[in-house]
Amino acid sequence: MPTATVPAGPSGAAGTGHALLVVAAGVVGALHVWKLSPALPVLSAELGLSLVQGGFLLSTVQVAGMLLGVLVGLSGDRIGLRRGLVLGLGLLTAGSVTGLLATGYGPLLGSRVLEGVGFMLVSICAPALIRRTVAPARVSLLVGLWGCHIPVAAALSLLLGGLLSEALGWRTWWAAAAAGSALLGLLVLALVPPDPAHVVVHGVRQRLSLTLRAPGPWLVALVFGLYTAQWNGVVQFLPSMYAEAGIAAGAAAGLSALAAGVNVVGNLGAGRALQRGVRPVVLWCTGFAVLGLAAVVAFGIAPLLDEGARFGARYGAVLVFSAVGGVVPTTAIASLMRVAPTPTTVATTLGLGQQLNALGQFAGPPAVASVAQATGTWDLTWAVTAVLALVGITVALIVSRWVPREP
């Protein structure tokens with residue numbers, strides 16, 4: 001099938017600087033998604049929210065992505081990548097401001113919908129904009145850096161969000177997030193070159209049909225979603241696991257933040273490996289194999305050890321799980337841009353990837369929680385990750401025929 005060749009930008013420091021600015025915008029955008037989790041206890045107490053309402057606030061961002069990913073991608077292809085990124089940051093700012101002014105559940109839920117659409121625009125337009133901005137030889141490296149935006153934002157939120165919410169109130173945390181996305185939006189508007197005229201394209205039906213009829217985008221998107229279901233299913237429950245183990249809140253926040261943050265190791269490593277010509281299927285199979293085996297060690301083998309060694313074995317395995325597993329998302333993002341049917345469907349293809357990514361974020365944690373609740377322990381939750389890892393390896397082997405090597 002034909003693959004997309006996204007126009008690359010200048011090879012000098014200016015192009016790299018613009019790409020780094022786009023990565024920073026992604027980190028700030030992802031903070032809006034992760035900011036709720038550590039602040040939820042304080043927010044719920046102030047507004048009198050139930051556990052179910054809190055759960056809907058957490059999942060609304062993923063629901064927006066599940067329903068609107070492809071449509072948002074079509075918008076990105078239509079209006080241009082820089083415009084789409086700035087619009088996404090603007091929606092994130094508006095959503096955060098709406099949320100900090102909220103006095104009840106309804107407006108707060110609406111603010112999360114705005115943030116969900118805004119984050120989709122950022123996630124879809126930013127990687128393609130990076131590819132257009134930098135020289136072809138540096139694309140994989142910069143896409144690997146882009147892949148770090150989620151774990152960096154997660155680590156910052158887990159480490160700082162709860163502390164700031166406790167000390168200054170959750171509304172201050174929301175205001176800081178709004179200020180960050182507004183600032184990055186202005187910087188992107190001022191510093192990143194405008195969209196070339198030929199990037200603004202028409203033919204919505206044709207672009208949608210080309211994307212949805214091609215098997216490559218669907219299979220790579222499925223790889224993305226299978227990874228996210230595993231990573232979120234483990235990392236989001238780490239604070240709960242530590243609380244059950246009697247670990248103090250401050251220490252639990254630090255441990256959770258580190259476990260999320262080491263994911264950047266895999267993302268950066270994947271960028272370098274792709275740059276050196278390593279095939280995506282090799283990285284995917286390696287990542288999924290480690291995700292499955294590390295989960296077995298953390299939740300299946302570690303509980304069998306004596307009490308002194310149990311925590312160290314489990315936490316060490318979780319660190320390996322997150323660090324090595326990080327090769328999967330960067331490889332998926334880079335491959336989505338390579339399997340786009342035409343240069344005018346890159347954002348649409350990334351939108352499909354983000355849609356299945358959001359599905360993984362939404363479905364992974366409940367799957368893990370259901371096993372833990374049914375068995376009364378976390379010790380059998382490895383089965384969920386192991387099954388997803390095996391499916392991921394199978395899909396990776398199938399999709400390898402559609403993903404060309406990086407030029």
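None of these values were measured; they are calculated from a predicted model.
- Summarising the geometry of V318 relative to A259, their closest heavy-atom pair is CG1-CB, 4.0 Å, with the distance given to 0.1 Å.
- Atoms CG and CG, from L268 and L141 in turn, are 8.0 Å apart once rounded to the nearest 0.5 Å.
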Side chains of residues 144-156: which donor-acceptor partners sit under 3.5 Å, not counting sequence neighbours?
{"unit_1": "H149", "atom_1": "ND1", "unit_2": "W146", "atom_2": "O", "d": "2.6"}

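- Within the 4.5 Å cutoff, the side chain of L350 has heavy atoms near those of the M337 side chain.
- A side-chain donor from one of S181 and T93 sits under 3.5 Å from a side-chain acceptor of the other.
- Within the 4.5 Å cutoff, no side-chain heavy atoms of P127 are placed close to those of V143.
- Considering only heavy atoms from C-beta on, T133 stays 4.5 Å or farther from L142 through its side chain.
- Between the CD1 atom in I333 and the CD1 atom in I124 there is a gap of 11.0 Å [rounded to 0.5 Å].
- In this structure, V391 and V395 have side chains that are in contact, with non-hydrogen atoms separated by less than 4.5 Å.
- Within 6.0 Å of CH2 in W382 there are 12 or fewer heavy atoms belonging to other residues, nucleotides or ligands.
- Inter-residue side-chain proximity for W218 and L212 is flagged as met; some heavy-atom pair is nearer than 4.5 Å.
- Residues R314 and P303 are in side-chain contact: their nearest non-hydrogen atoms beyond the backbone lie under 4.5 Å apart.
- Note that CG of N232 is 5.0 Å distant from CD of Q361, once rounded to the nearest 0.5 Å.
- The shortest side-chain heavy-atom distance between W231 and F321 falls under the 4.5 Å cut-off.
- The nearest pair of heavy atoms linking A102 to L108 is CB-N, 3.9 Å.
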Side-chain donor/acceptor pairs under 3.5 Å, residues 286-301, sequence neighbours excluded:
{"unit_1": "T286", "atom_1": "OG1", "unit_2": "V282", "atom_2": "O", "d": "2.8"}

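- For the atom pair CG (L47) and CH2 (W170), the distance works out to 5.5 Å, reported to the nearest 0.5 Å.
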Would V223 and W284 satisfy side chain to side chain contact (heavy atoms under 4.5 Å, CB included), going step by step from the backbone distance to the final call? CA-CA 8 Å; V223 168; W284 282 330; 3.7 Å; yes
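- In terms of modelled atom types and a separation under 3.5 Å, the side chain of S400 and the main chain of L397 share a donor-acceptor contact.
- Between T385 and V234 the shortest side-chain heavy-atom distance falls below 4.5 Å.
- Closest non-hydrogen pair, S157 versus L31, comes out as OG-CD2, 3.3 Å.
- When all heavy atoms of R132 and P194 are compared, the closest pair comes out as NH2-O, 4.0 Å.
- Partner H32 forms a side-chain contact (heavy atoms from CB on, under 4.5 Å) with one of L91, L92, L89 and no other, that one being L92.
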Using the rule given for side chain to side chain contact (heavy atoms under 4.5 Å, CB included), can you reason through L121 versus L85, listing the C-alpha separation, both sets of side-chain angles and the distance that settles it, and then say yes or no? CA-CA 6 Å; L121 268 170; L85 178 59; over 6 Å; no
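- Between the S322 side chain and the L319 main chain, no donor and acceptor come within less than 3.5 Å of each other.
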Please report the C-alpha distance between R171 and L43 in whole Å, then the side-chain angles of each, then the deciding distance to 0.1 Å, and finally whether the side chain to side chain contact (heavy atoms under 4.5 Å, CB included) criterion is met. CA-CA 9 Å; R171 295 180 195 275; L43 186 152; over 6 Å; no
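- Both tests hold for K35 against W174: distance to the six-membered ring centre under 6.0 Å, angle to the ring axis within 45°.
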Step-by-step side chain to side chain contact (heavy atoms under 4.5 Å, CB included) determination, E115 to V33: CA-CA 7 Å; E115 290 174 336; V33 176; over 6 Å; no
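- Closest heavy-atom contact between P341 and T349: CD-OG1, 3.7 Å.
- Taking all atoms of both residues into account, the shortest heavy-atom contact from F224 to P329 is CE2-CB, 3.9 Å.
- Atom CG of residue L226 and atom CD1 of residue I393 lie 11.0 Å apart, to the nearest 0.5 angstrom.
- Summarising the geometry, atom OG belonging to S123 is positioned 7.5 Å from atom CG belonging to N357; distances are rounded to the nearest 0.5 Å.
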